[in-house]
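Below is one structure, written out as structure tokens; the observations come after it.
Counting convention: from 1, in listed order, for ligands and their atoms alike.
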Amino acid sequence: MDAPLTVHVVTIFPEMFASVLSASLLGRAIEKGTLAVELTDPRDFTTDRHRSVDDAPYGGGAGMVMRPEPLCAALEHVVATRGPARKIALCPTGAPLTQEIVKRLAREPRLVLVCGRYEGFDERVREFVDEELSLGDFVLTGGELAAMVVIDAIARRLPGVLGNAASPTDESHEAGLLEYPQYTRPPEFRGRVVPEPLLSGNHERIRRWRRLQSLLRTRERRPDLFARVPLTDEDRALLGGEQP
Ligand SMILES: C[S@@+](CC[C@H](N)C(=O)[O-])C[C@H]1O[C@@H](n2cnc3c(N)ncnc32)[C@H](O)[C@@H]1O
């Protein structure tokens with residue numbers, strides 16, 4: 001039986017994935033059968049003696065471009081042998097990855113992540129995928145690290161992966177806000193003390209303190225996010241100076 005989510009990765013460096021997929025939450029999710037990751041090497045779909053996956057760019061210029069034939073053949077092989085899937089190319093020109101996209105992808109049964117290398121894919125590959133995602137406004141040497149980030153973020157959303165105690169409800173970006181500050185023991189560290197409401201044992205006070213910190217932190221650090229948060233009456237009261 002298939003795992004609730006199977007992620008196929010099309011990559012010329014499948015060996016990069018072993019340690020990330022075997023450690024911690026991802027390792028346990030795979031062991032429990034909640035997540036499956038299958039690696040497909042486009043070199044296995046080349047037809048020339050050198051198994052070449054890249055070629056010089058038309059029009060000249062530095063670097064090499066990934067050839068469309070092995071990439072598309074690998075994609076088609078995954079779909080033909082394993083079933084329909086949402087196909088995603090990782091590239092710096094894609095839509096920036098957000099928690100909303102992560103949540104949407106976690107509801108899919110099967111994904112294919114296509115990793116580029118060199119100067120990226122031949123432009124025509126874009127027509128064979130459903131969407132293009134970017135990790136942000138910077139350039140990586142290849143799509144493999146981006147694919148691992150996508151898999152990690154999605155895996156946390158799968159049922160049972162975080163365990164019963166942990167829940168992503170209050171986490172940063174879950175409801176449009178950044179998370180409140182977290183503290184653990186000791187109550188005083190090099191003269192810096194844990195905020196008093198957290199030590200009060202009063203659950204309602206703690207809840208209101210956390211909500212206010214979340215609002216303040218988001219307003220200060222991410223005004224772009226704050227502008228989109230629908231504030232409740234309580235939020236306005238907290239921000240208006242009411243003591244939690
Ligand atoms: C060196 S990059 C190619 C960059 C490309 N020449 C450009 O300027 O847009 C090689 C590969 O790394 C991956 N990559 C680089 N930056 C990325 C990012 N910000 N998000 C996702 N993937 C990225 C993509 O798969 C890309 O095809």
Note the single closest protein heavy atom to [atom], along with its residue, its atom name and the distance in Å.
atom                    : answer
atom 6 (N) of ligand 1  : Glu119 O, 3.0 Å
atom 9 (O) of ligand 1  : Pro92 CG, 3.4 Å
atom 16 (N) of ligand 1 : Leu140 N, 2.9 Å
atom 20 (N) of ligand 1 : Leu135 N, 2.9 Å
atom 19 (N) of ligand 1 : Phe138 O, 2.8 Å

Is [X] salt-bridged to [Y], cutoff N-O under 4.0 Å?
X      : Y      : result
Glu196 : Arg205 : yes
Glu234 : Arg211 : no
Glu174 : Lys103 : yes

**Prompt:** Can you check whether Val193 reaches Tyr183 side chain to side chain, under 4.5 Å on heavy atoms?
**Reply:**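 In short, these two side chains do not touch, never coming nearer than 4.5 Å.
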**Prompt:** Would a 4.5 Å heavy-atom cut-off, applied to side chains only, mark Leu111 and Lys87 as touching?
**Reply:**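 Heavy-atom side-chain distance check fails, nothing below 4.5 Å.
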**Asked** Roughly how far apart are Leu158 CG and Leu25 CG, rounded to 0.5 Å?
**Response**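 If I round to the nearest 0.5 Å, the distance is 11.0 Å.
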[X] neighbourhood, listing ligand 1 atoms whose heavy-atom distance to it stays under 4.0 Å:
X      : answer
Tyr118 : 1 (C), 2 (S), 3 (C), 10 (C)
Gly143 : 12 (O), 13 (C), 25 (O)
Gly136 : 19 (N)
Val139 : 1 (C), 2 (S), 4 (C), 16 (N)
Gly120 : 3 (C), 27 (O)

**Asked** Are Leu105 and Phe17 connected, step by step, through hydrophobic side chains (Ile, Leu, Val, Met, Phe, Trp, Tyr) whose heavy atoms are closer than 4.5 Å?
**Response**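 Yes, it is one cluster - the side chains of Leu105 and Phe17 are joined through contacts under 4.5 Å.
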**Asked** Are Ile151 and Phe13 linked, directly or through other ILVMFWY residues, by side chains that come within less than 4.5 angstrom of each other?
**Response**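 Per the 4.5 Å side-chain linkage, Ile151 and Phe13 are co-clustered.
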**Message:** Considering both backbone and side-chain atoms of Phe121, is one of its nitrogen or oxygen atoms within less than 3.5 Å of a nitrogen or oxygen in ligand 1?
**Reply:**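 Among all N and O atoms of Phe121, none is under 3.5 Å from an N or O of ligand 1.
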**Message:** Looking only at distances, can you tell me whether any N or O atom of Leu90, backbone or side chain, sits closer than 3.5 Å to an N or O atom of ligand 1?
**Reply:**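 Looking only at distances, the answer is yes, because the N/O contact criterion of under 3.5 Å is met.
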**Message:** Please state which option from Gly63, Ala62, Ala146, Gly142 has its nearest heavy atom closest to atom 13 (C) of ligand 1.
**Reply:**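 Going through Gly63, Ala62, Ala146, Gly142 one by one, Gly142 has the nearest heavy atom to atom 13 (C) of ligand 1.
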**Prompt:** Pick from Ile88, Leu75, Leu90, Thr40: which one makes a side-chain contact (heavy atoms from CB on, under 4.5 Å) with Val114?
**Reply:**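 Answer after filtering Ile88, Leu75, Leu90, Thr40: Leu75.
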**Asked** Is it the side chain, the backbone, both or neither of Thr141 that has a heavy atom closer than 4.0 Å to ligand 1?
**Response**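 Only the backbone of Thr141 comes within reach of ligand 1.
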